[in-house]
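Notes follow once the structure below has been shown.
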There are 2 protein chains.
Amino acid sequence: MPKDRAPTRIQKKNRAAILEAALNVFSAHGFRGATVDQIAAEAGLSKPNLLYYFPSKEAIHTALLSGLLDVWLAPLHDLDEAGDPMQEMLSYIHRKLEMSRDLPRESRLFANELVQGAPRIHAALSSDLKSLVDEKTAILIRWMEQGKIAKLHPYHLIFSIWALTQHYADFDVQVRAILADEDPFEGAEPFIDTLYRKLLTP
Amino acid sequence: MPKDRAPTRIQKKNRAAILEAALNVFSAHGFRGATVDQIAAEAGLSKPNLLYYFPSKEAIHTALLSGLLDVWLAPLHDLDEAGDPMQEMLSYIHRKLEMSRDLPRESRLFANELVQGAPRIHAALSSDLKSLVDEKTAILIRWMEQGKIAKLHPYHLIFSIWALTQHYADFDVQVRAILADEDPFEGAEPFIDTLYRKLLTP
DNA sequence: CGTGAGTTTGACCAGATGGTCAAATCAAGA
DNA sequence: TCTTGATTTGACCATCTGGTCAAACTCACG
C-alpha cells in the first residue's frame, strides 16, 4: 500500500483510473456483480497492482460512494432561500434532470446500493443526507407559509423530484424500450417543468 | 427433473416455496448477489433438491420474472377508456402506490433487473410492455383531445406514475431514513393524489 | 405389502473470485 | 550513477458458488 505522504504523480493517475473504472463496473453490475478483475482490466492494471492502491473491493466501493455523495447532493445544497422560490425549485429540478442525463453511472451506482437496502451507506443516509434534507425542507416550509409556493408535504415533494429525475437514468433501458427512437430528455424536460409549475403554483 | 405430467402435491408445494424464497433473495440481493444455497435454505430444501425442481438459478429467476410481470402490469391493463378519465387515472395511480406498499419485493425484483440494464427481460420490455403502454397511451391521447384531461406527453406521464409510486418500494431505505418514524405511505398517498389532480386537470 | 415412480441427499467437481506475497522492475533525488 | 522507496507482477491460495451424480429414501397405488 502506498504510504500516506503527498501522493505521487503515478498514485494520482492510478487512483483516478481505478475509481473511473470502478464507477463503470459497479454502476453496471452492482457491488456483488462487479469483479476486481473487471475493474482492474478496465483501469489498465493488473489485479495485484490495483490492490496495491486500494486494500479491497469494498474499499474501492466505499471511496467511490463517499466521493460522489457530495457531487450528487450539490444541487440540493445550492437551493437558496434568498432566491425566488419558484425559480429556485425549477432550477433545482432542472439540475437534477441534467445530472440524470450527464451522470447516469453515478445515479445507477446509488440506485444499486439503495435498492439492496444500502448496506454500505446506511449511515450516510441517516446523518448527512437526513440533515441536508431537513435543512432544505425548512426553507420549503417557510416558502409555503409565505404563500410563495403551494402547501405540500415537503419530504414527499423532495422524494418526487428525486423519483422523477433519477428514473430516467436508473431505468434508462425501460424508458428507451418504450420511447423507441425519441430522446428521453427532450420530452422529459418540458413535462417535468410543466408538472412542477402546476404543482407548486399556490 | 420432475416429469411434465400433472404436478404432484409435493411438486406444487416445493415449486411455490422455491419461488417465494427466490423472490425474497433475488429482490434483496439482485441476481448476481443471490446464491442458490440461500434460496434453498430459505425454501427449506437442500441445494440439489432445489435443482431437481428448477434446472438452474437462471431458470428460477426467469420463472419468477415472467410469472410476476402480469401481476405487475395488471393495474395499467385495467385502465378503462369507458370510465371517467380523471377517476381512471387516479385509481390507476392509487393501485400502483398500493402495490409499492404491499408488494415491495416484486418492485425491487424488477428494479434490480432494470437498473442493471435488464439483461434477462429486455425482450419482454420491447414487446409486451411496449405494446401495452402504446395501447394505453392511445387512450390517454384521446382523453386529452377530448379535453377530459390536460394535454401532456403521454409516455412521460406514464413514466412519472411509475417513478413516483415505485420510488417508495425501491428506495424504501432512503425514504425511511428521512421520514424517521413517519409512515411513508400515509403522506405519499395524499401528496401523489394532489399532484395528479393538479397535473391532469385541463 | 410390494413396486416403481417420484423425491431427497451427501459427496463431489470445476471454475470464479477476493486477496496475498516475494521477487522483480522502475523512478527520482542525492 | 547509485540507492532507496515506489510500483508492478506472476504464481499462488482459500473460499465460494453453480451444478452433477449415484445412491438412498418415500410415497401412492395396484
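Per chain, numbering begins at 1; letters A, B, ... match sequence-line order. Just so it is clear, the model here is predicted, and its values are computed rather than measured. Scope of the values below: all heavy atoms of this structure, side chains included, with no hydrogens, waters or symmetry mates.
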Nearest-angstrom distance from the residue atom CD of B/Q38 to P of D/dT17: 8 Å
Closest-nucleotide ordering on DNA chain C, the 5'-leading residue of B/R32 and B/S46: B/S46
To the nearest angstrom, how far is A/L45 atom CG from D/dG10 atom C1'? 16 Å
Ring-plane angle category for B/F31 and B/F26, please: parallel below 30°, perpendicular beyond 60°, tilted otherwise. parallel
Does NZ or CZ of B/K151 lie under 6.0 Å from the centre of the six-membered ring of B/W143, at an angle within 45° of the ring axis? no
Whole-Å distance separating the NE2 atom of A/H61 from the P atom of C/dG19: 13 Å
Under a 3.5 Å distance rule, please check whether B/S107 uses its side chain to pair with a backbone N or O of B/L103 as donor and acceptor. no
Any idea which of C/dT7, C/dG18, D/dT9 is nearest the B/Q11 side chain? C/dT7
Touch class at under 4.0 angstrom, heavy-atom based, for B/A34 against every strand present: sugar-phosphate
Provide, to the nearest angstrom, the distance between the CZ atom belonging to A/R15 and the P atom belonging to D/dA6. 12 Å
Checking contacts here: which listed nucleotide (D/dA6, D/dG18, D/dG10) is nearest the side-chain heavy atoms of B/K57? D/dG18
Side-chain atoms of B/V36 come closest, of D/dG18, C/dT9, C/dG19, to D/dG18
Phosphate OP1/OP2 of C/dT9: any B/N49 side-chain N/O under 4.0 Å: yes
Of the listed nucleotides (D/dG10, D/dG19, D/dT8), which one gets closest to any side-chain atom of A/P48? D/dG10
Using whole Å, what does the distance between atom P of nucleotide C/dT7 and atom NZ of B/K13 come to? 10 Å
Does a side-chain N or O from A/N14 land closer than 4.0 Å to OP1 or OP2 of D/dA6, or not? no
Starting at NE2 of A/H29 and ending at P of C/dG18, how long is that distance when rounded to a whole Å? 12 Å
Over how many whole Å does the gap from A/Y52 atom OH to C/dC26 atom C1' extend? 11 Å
Please tell me whether A/Y92 and A/D80 have a donor and an acceptor in their side chains that are separated by less than 3.5 angstrom. no
Here the distance between atom P of D/dG18 and atom OH of B/Y53, to the nearest Å, is 20 Å
Of B/I10 and B/G33, whose closest DNA chain D nucleotide lies nearer the 5' terminus? B/G33
Closer than 3.5 angstrom, by distance alone: can the side chain of A/S100 be matched with the main-chain N or O of A/L97 as a donor-acceptor pair? no
